[in-house]
Amino acid sequence: MNNREVARLFSDTADLLEIKGEAIYRILAYRRAAESLSGLGEDINEVWRTKRLRQIPGVGEAIASKIDELLKTGKLTFYEKLAAEIPPSLVEVLKVGDVGPKKAARFWKELGITTLSELEEAASLGRLRGLPGMGERSEARILESIQALSRRETDRISIGVAWPAAQGFLERLRSLPEVAAAEAGGSLRRMRETVGDLDIIVASDSPEPVMKAFLAFPEVERVRGQGETKASVELHDGMRVQLWVHPSAHFGTALQYATGSQAHNVRLRELSLAKGLSLSEHGFKPKKGKDIRCANEAEVYETLGLPWIPPEMREDRGEIKAALESRLPVPIALTDLEGELHAHSDWSDGQTSIEDMARAAAGLGLQYLVISDHSRSLGVANGLSIERLEAQRKVIAAAQKSVRGIRLLQGSEVEILADGRLDYPDEVLAKLDVVVASLHTSLRQPREKVTRRLLNAIRNPHVDIIGHPTGRMVNGREAADLDMEAILTAAVENDVALEINANPERLDLNDAHARRVVELGGLLSINTDAHHPDHFDFRRYGVGVARRAWAPAEAVVNTWPLERLLDWLSARG
DNA sequence: GCCGTTTTCGGCCCGACTGTTTTCAGTCG
C-alpha cells in the first residue's frame, strides 16, 4: 500500500467513527494522522521498514500498530469490524453540503439510507422532512447540494482554474469605493494544487454594499448562505465562493483566519491560549482588558512572538515549531527565478516559433531560456530527428542575434525509452546545453522496471534534469509506480536536478516529494514546460509547490545567475 | 488517540450561519 491509500483508509476510519458517534478527539487523531501521511515525502513502507513510524507527527502507539498490520498483511481488522458495523458508503453521503455525521447517522438508522443515490431519492420523495430537526427547507437544501455535487466534475478544482477566477473577483471587489483591501485566502493562498472553494477576504468599514455587489456578480447562480460578515455562493460552473467582510482594523486576524490551514490555526490558537489570549478572526481577547486588534498579518504572528509565516507553509508540518526556534527558512519567491530550462517551440509540439518564445521570455525579464523540444521517438509530438536537431541549432543561433537581453540555449526533452535507454546517443546529448530526460510512455510498467529506467537516466552524465519525474496528472492520471526514495537519493548523489513541472495539470514533483529533495540537500528546477508564451505564467504555480516544500531559492537551479548555471552544466559534462 | 520548557494524565480553537426551534443543534471553515 502507498501513502495515499493508507491516508485514505484512516480518513475513512475517522468519518465512520464520527458517524458512529465516537469521542471527537479520537476522530481528530485519525484525521491528523491521515493528513500527516498524505504530506509525507517518504514512502510509508520505507519508514515502516526502518521502524520510524512513531516519528511521524500524529502517529502514536495505536496508529503505528495499525499501520504495521496494514503493511504486513494488507488488511486492517479494526477497519473491517467498523465497516461491518457502519456502511462505508456513508462516507460519500458526508460529501453532501449541510450533511454531517449526525444527519448521516440519522438517515441511515431511521431510513436505511447508505448511498448518495438513496439519499437523493429519499429527499425528492419528501421522506427526510419527517425526521426530528428536519423540515422542507432542509430537505430542499440537501437536494440542491446533491445536484451541485454532481455538477462539479471533481471534488476539488485545479489551482490553474481557481487562481485566474479568484483574480477576477479580487479586481472587481478592489474597484469598489467601500473596499480598502481584498485578498484570496484558503487553500488557494496556500497554493495547494487543488482547492475546494474560493475564499475571498475583504477589508471594509461598510460591509453592506460590498456584500450586495458580490451577490450580484453575473457568475453567481445561487446564494447558499448570507449573513452580516459572511456570504457563500455557487457559480454557474459549480464552483463555490465564500466572501468574508471585516473592518480594516482587524483585517490581519481575519485574513490569517481565512487562510488556514485549519490545523495551523488550531496550533496558533493553542499557542495563543498559553499566553493567556483567545484568538479569533476578530482579534486577540485577553482574560481582562481590551482586545488586541491586528490590521495586518505580521502583527498577528508578532503578538505570538513569531516571525510572519508564509501562507504556503501553514500546513501544521512543523512550521510553528521551526518559527519559534528561529529556523524557519525563507522560501523561494517568484522574483528569484532567473531563467527557464524547459520550453517547447513549433519545431516539435509547441505553438509558436523559437523567436517568439524568446521575446516573451525576455519580456518577463528572464536571463536565459532553454528550447527543449521533444526527441525523435515521440512521433505524436513531432519529435526531432538528429538531423533536425542539428538544423535547429542554427535557427536558435539566428534567433539569438535578433532577440536581445536573453541568452538562448539548446536543450532537448529526451525520451526515456521503454527499455531504459535514452532517445539520442551520448555523442548527440553531449552537444546539447541542457538535457531534460522525461518519461512519456510505458508509465504503467512494474515498479522495479520503471524505477530502473529513471535511475538509468539519472546516472547518464549528460542528463541534467529529470522532467515531471512521476508522470502524474492532477485530478487525472496516477503517478507511475516508482521507488521515489531511491530516485531522489540517486538524483542527489549524481547532482541531477529534479523538475517541479509548473503546469497546473502536472505539478510534478508534488510538494511532499519536493520537500524530501530539500531535506536530502538535492537540487530542484522550476520549469513551465511551456508550449506557448502564455505558459510562462505557470511559474507561479511551480514556485507555490517549491514554497510548500520549504525550498530556499538556493536549492532551485534556475534561480542561479547565468554564469553559475553554465558552470554547473559544464562541470556535469 | 496523541502529546508534554505548564503535564506521562488531562487536556486537546473559535465563531458565523441556518433551520427549526422558543434556546439550540448541526455544519462549516
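So you know, we letter chains A, B, ... as the sequences are listed, proteins then strands, and number each from 1.
Rounded to an integer number of Å, the gap from Ile19(A) CD1 to dT27(B) P is 10 Å. Taking atom CD1 of residue Ile201(A) and atom C1' of nucleotide dG15(B), one finds them 15 Å apart after rounding to whole Å. Rounded to whole Å, atom P of dT5(B) lies 11 Å from atom CG of Leu324(A). Nucleotide dG15(B) holds its P atom 16 Å from the CH2 atom of Trp244(A), rounded to whole Å. Per the geometry, NE2 belonging to His282(A) stands 18 Å off P belonging to dC13(B), to the nearest Å. Straight-line distance from the CD atom of Glu144(A) to the P atom of dT18(B): 14 Å, rounded to whole Å. Straight-line distance from the CD atom of Gln242(A) to the P atom of dT18(B): 12 Å, rounded to whole Å.
At the heavy-atom level, Glu270(A) lies under 4.0 Å from the strands shown only through sugar-phosphate atoms. Heavy atoms of Leu273(A) sit under 4.0 angstrom from primed sugar atoms or phosphate atoms, though from no base atom.
Between the C1' atoms of dC13(B) and dC28(B), the separation comes to 14 Å (whole Å). Separation of the C1' atoms belonging to dC14(B) and dT6(B) is 22 Å when rounded to the nearest angstrom. Look at the P atom in both dG19(B) and dC12(B): the space between them is 32 Å, to the nearest Å. Separating the C1' atom of dT21(B) from that of dG26(B) is a span of 13 Å, rounded to the nearest Å. Between the P atoms of dG1(B) and dT5(B), the separation comes to 23 Å (whole Å). Going from the C1' atom of dG15(B) to that of dG10(B) covers 25 Å, rounded to whole Å. A gap of 15 Å separates the C1' atoms of dT18(B) and dT23(B), to the nearest Å. Only the P atoms considered, dG4(B) is 32 Å distant from dA16(B), to the nearest whole Å.
The shortest distance between the side-chain N/O atoms of Tyr25(A) and the OP1/OP2 oxygens of dC13(B) is below 4.0 Å. Under 4.0 angstrom from either OP1 or OP2 of dG19(B) there lies at least one side-chain N or O belonging to Arg141(A). When the side-chain nitrogen and oxygen atoms of Ser272(A) are compared with OP1 and OP2 of dC13(B), none of them lie within a distance under 4.0 Å.
When only modelled atom types and interatomic distance are considered, Glu221(A) and His236(A) share a side-chain donor-acceptor pair under 3.5 Å. For the 3.5 Å distance criterion, the side chains of Ser187(A) and Arg192(A) fail to qualify, holding no donor opposite an acceptor.
The aromatic rings of Phe169(A) and Phe214(A) are tilted relative to each other, their planes meeting at an angle between 30° and 60°.
Annotation: cation-pi pair Lys66(A)/Phe78(A) present, NZ/CZ under 6.0 Å from the ring centroid and within 45° of its normal.
Between Ala29(A) and Ser280(A), it is Ala29(A) whose nearest contact on DNA chain B lies nearer the 5' terminus.
Between Glu193(A) and Val545(A), every side-chain heavy-atom pair lies at or beyond the 4.5 Å cut-off.
Closest contact between the side chain of Arg26(A) and the listed nucleotides dG1(B), dC17(B), dG26(B) involves dG1(B). With dC2(B), dA16(B), dT27(B) as the choices, the nucleotide that has an atom nearest any side-chain atom of Lys230(A) turns out to be dA16(B).
Atom NE2 of His282(A) sits about 13.5 Å away from atom SG of Cys294(A), to the nearest 0.5 Å.
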